[in-house]
Trainee: 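Pasting a structure below so you can have a look.
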Amino acid sequence: MKVYWREHRTGQRLILDAEDGRQEEVGGVRRTPRGFDALARTFGYDPGRAQKGFATMEEAKAFVEGFEPWDIFVGSAPVDFDREVHPMPPEAGA
């Protein structure tokens with residue numbers, strides 16, 4: 001399984017790409033007039049996994065990555081983290 005950041009029109013999304021072709025969005029960062037907002041996906045209600053007002057995109061991404069939100073889908077299976085930010089898919093720009 002592979003995890004990577006992908007461009008999005010409002011920021012970046014953290015994507016889990018499974019070997020069976022399934023893709024899950026497990027986190028995200030968006031630009032706002034006040035900085036960057038970050039969210040790590042969870043099952044249930046956990047307000048601690050979201051935070052607003054980061055000064056930089058990198059700080060917000062580090063916040064999301066710190067939760068390792070892909071674990072809710074893969075458990076202890078090994079994950080390849082690709083540090084390259086992937087471009088937005090063409091159909092998402094419409």
Side-chain angles (χ1 to χ4, degrees):
M1 298 209 200
K2 183 175 170 182
V3 175
Y4 57 90
W5 287 98
R6 181 169 63 200
E7 290 290 339
H8 186 269
R9 58 184 173 75
T10 61
Q12 293 183 11
R13 299 292 186 256
L14 186 60
I15 305 297
L16 170 67
D17 203 351
E19 283 127 12
D20 63 3
R22 211 172 22 107
Q23 289 188 338
E24 292 287 341
E25 187 175 299
V26 295
V29 173
R30 68 178 176 165
R31 283 183 297 276
T32 71
R34 293 165 301 286
F36 295 90
D37 296 350
L39 168 71
R41 186 163 171 195
T42 184
F43 290 131
Y45 179 70
D46 186 353
R49 286 182 172 241
Q51 188 170 326
K52 296 180 177 185
F54 286 95
T56 68
M57 173 77 78
E58 294 309 313
E59 287 176 314
K61 287 168 61 172
F63 173 82
V64 173
E65 291 170 13
F67 289 101
E68 298 184 358
W70 51 87
D71 282 352
I72 60 178
F73 294 97
V74 300
S76 61
V79 173
D80 177 30
F81 198 106
D82 183 356
R83 291 282 170 196
E84 181 182 336
V85 177
H86 294 235
M88 185 171 28
E91 67 275 2

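Values below: all heavy atoms of this structure, side chains included; hydrogens, waters and symmetry mates excluded.
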Trainee: If hydrophobic clusters are built by linking Ile, Leu, Val, Met, Phe, Trp and Tyr wherever their side-chain heavy atoms come under 4.5 Å apart, do Leu39 and Val26 end up in the same one?
Mentor: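 No; tracing contacts between hydrophobic side chains, which count when under 4.5 Å, never links both residues.
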Trainee: Can you give me the closest heavy-atom contact between Ala60 and Phe36, atom names plus distance?
Mentor: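 For Ala60 versus Phe36, the nearest heavy atoms are CB-CB, 4.0 Å.
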Trainee: So do Arg41 and Glu24 actually touch side chain to side chain, heavy atoms under 4.5 Å?
Mentor: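 A side-chain contact exists here, since the closest heavy-atom pair is under 4.5 Å.
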Trainee: Heavy atoms, side chains only, cut-off 4.5 Å: are Pro78 and Met1 in contact?
Mentor: no
Trainee: Kindly work out whether a path of hydrophobic side-chain contacts (I/L/V/M/F/W/Y, heavy atoms less than 4.5 Å apart) joins Val85 to Val79.
Mentor: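 They do share one cluster, since a chain of ILVMFWY contacts under 4.5 Å joins Val85 to Val79.
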Trainee: How would you list, by chain and number, every residue that makes a salt bridge (Lys or Arg N to Asp or Glu O under 4.0 Å) with Glu65, sequence neighbours excluded?
Mentor: Arg83
Trainee: Compare every heavy atom of Ala38 with every heavy atom of Phe54, then report the nearest pair and how far apart it is.
Mentor: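 Heavy-atom minimum between the residues: CE1-CB, 3.8 Å.
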Trainee: Taking NZ, NE, NH1 and NH2 as the nitrogens, is one of them in Lys52 or Asp37 under 4.0 Å from a carboxylate oxygen of the other?
Mentor: no
Trainee: Can you see which heavy atom on Glu84 is nearest to which on Tyr4, and at what distance?
Mentor: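 In this case the closest contact between Glu84 and Tyr4 is O-CB, 4.3 Å.
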Trainee: Check Thr42 against Ile72 and note the closest heavy-atom contact, atom names and distance.
Mentor: CA-CD1, 4.1 Å
Trainee: If you define the side chain from C-beta out and look only at heavy atoms, does anything of Met57 sit under 4.5 Å from Arg31?
Mentor: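 They are in side-chain contact.
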Trainee: Using every non-hydrogen atom in the two residues, find where Met88 and Arg9 come nearest and quote the distance to one decimal.
Mentor: SD-N, 3.8 Å
Trainee: Would you say Trp5 and Val64 make side-chain contact, with heavy atoms under 4.5 Å?
Mentor: yes
Trainee: In Å, rounded to the nearest 0.5 Å, how long is the span from CG of Leu14 to CZ of Arg6?
Mentor: 10.5 Å
Trainee: Does the distance from a Lys or Arg side-chain N to an Asp or Glu carboxylate O, for Lys2 and Asp80, drop under 4.0 Å?
Mentor: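 Looking at Lys2 and Asp80, the cut-off is not met.
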Trainee: Out of curiosity, Glu25 CD to Ile15 CD1, how far, rounded to the nearest 0.5 Å?
Mentor: 5.0 Å
Trainee: Measuring only between side-chain heavy atoms, which start at C-beta, is Gln23 closer than 4.5 Å to Leu16?
Mentor: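 A side-chain contact under 4.5 Å is absent here.
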Trainee: Should Asp82 and Val3 count as side-chain neighbours, where that means a heavy-atom distance under 4.5 Å?
Mentor: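 Asp82 does not reach Val3 side chain to side chain.
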Trainee: With a distance cut-off below 6.0 Å to the six-membered ring centre and an angular limit of 45° from the axis, does Lys61 pair with Phe63 as a cation-pi contact?
Mentor: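 The answer is no; the distance or angle limit is not met.
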